[in-house]
Amino acid sequence: MLNGFRIEATYANRGPLPGWSPNVSTSIALDDRLSNLVEENYDLAVRITSRTDSGYAARKLATIHWVYCAAPHYLDSNGAIRKPIDLMRHRCVVYPAMTLNGAWGFQGEKDTQQVVVKTALESNSSLALREAALHGQGVACLPTYPVSSDIIQGALRIVLPEYRSAITHTLYAMYYRSPVETRECGSADLH
């Protein structure tokens, strides 16, 4: 039996984590920075990132899908968005890792476009940006996992559905390479 298992994560489900043994004590720290797993005594980090060059071993868990969205009342008050260039006249709530030199990238069926957006709010928290979008503070580029129910319920509306973000991220389990393998550290279904 393990005495404890420490996880550092930027991704958290909206419910209990499946598959954990009642015989294992688990500590989960939610943080948007890459921790030093050895110095901070973590066994595993669950990270959303576009690269895995941190020196840790990494196991791909899922692809993170992003959507451009806004509250219906924001869109009704500020005009239609028919093409990416239209965003230049809109307020945007921005996750910095989704921009390149201040521009959002739009991957269409035949082309990729870069549009410099007017940042009304910038945060490294997709949950804070979700709240801002829900309150009509602008158009956001957000991962689907925190906004899918808002879209289904009509609280947020997808804009430019024919485009996807040109920047991609992946959910990884990252861990310190050790000569000792822990049997209890199997993969968990986080969907």
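Along the sequence shown, residues carry numbers from 1. These values consider heavy atoms only, across backbone and side chains, with no hydrogens, waters or symmetry-generated copies.
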Exercise. Which residues pass the side chain to side chain donor-acceptor pair (under 3.5 Å) test with Y163, sequence neighbours left out?
Worked result: Q113

Problem set entry | Test side chain to side chain donor-acceptor pair (under 3.5 Å) applied to T112 - qualifying residues, sequence neighbours left out |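 With sequence neighbours excluded, T112 shows a side chain to side chain donor-acceptor pair (under 3.5 Å) to Q107, given in chain and number order.
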
What is the minimum heavy-atom distance between [X] and [Y], and which atoms define it?
{"X": "R157", "Y": "P72", "answer": "NH2-CB, 3.1 Å"}
{"X": "Y145", "Y": "S126", "answer": "OH-OG, 4.0 Å"}
{"X": "Y95", "Y": "S125", "answer": "CE1-N, 4.0 Å"}
{"X": "W104", "Y": "M98", "answer": "CD1-O, 3.4 Å"}
{"X": "L75", "Y": "I81", "answer": "CD2-CD1, 3.8 Å"}

Problem set entry | side chain to side chain contact (heavy atoms under 4.5 Å, CB included) assessment of R130 paired with D150 | CA-CA 9 Å; R130 173 189 168 266; D150 300 317; 2.6 Å; yes

For this session: Take atom CD of E109 as the centre, draw a 6.0 Å sphere, and report whether it contains more than 12 heavy atoms from other residues, nucleotides or ligands.
Result: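 No.
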
For this session: Supply the atom-to-atom distance I64 CD1 to I167 CD1, rounded to the nearest 0.5 angstrom.
Result: 14.5 Å

Table please: side-chain donor-acceptor pairs of residues 131-143 below 3.5 Å, with sequence neighbours left out.
from, atom 1, to, atom 2, distance (Å)
H135, ND1, E131, O, 2.7

Exercise. Can you list every pair that meets side-chain hydrogen bond (donor to acceptor under 3.5 Å, both in side chains) and has a residue in residues 67-89, with sequence neighbours left out?
Worked result: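 Residue pairs with at least one partner in residues 67-89: Y74-H90.
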
For this session: Give the cluster check for V94 versus L100: same hydrophobic cluster or not, with ILVMFWY residues linked at side-chain heavy-atom distances below 4.5 Å.
Result: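 No, separate clusters.
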
Non-hydrogen side-chain atoms of [X] and [Y] separated by less than 4.5 Å:
{"X": "L87", "Y": "L160", "value": "yes"}
{"X": "V115", "Y": "M88", "value": "yes"}
{"X": "T63", "Y": "T168", "value": "no"}

Exercise. Got a sec, which residues hit side chain to side chain contact (heavy atoms under 4.5 Å, CB included) with T170, two or more places apart in sequence or on another chain?
Worked result: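 With neighbours one apart ignored, the set is K60, Y172.
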
Exercise. With sequence neighbours excluded, what pairs up with I151 under the side chain to side chain contact (heavy atoms under 4.5 Å, CB included) test?
Worked result: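 With neighbours one apart ignored, the set is V67, V147, L156, I158.
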
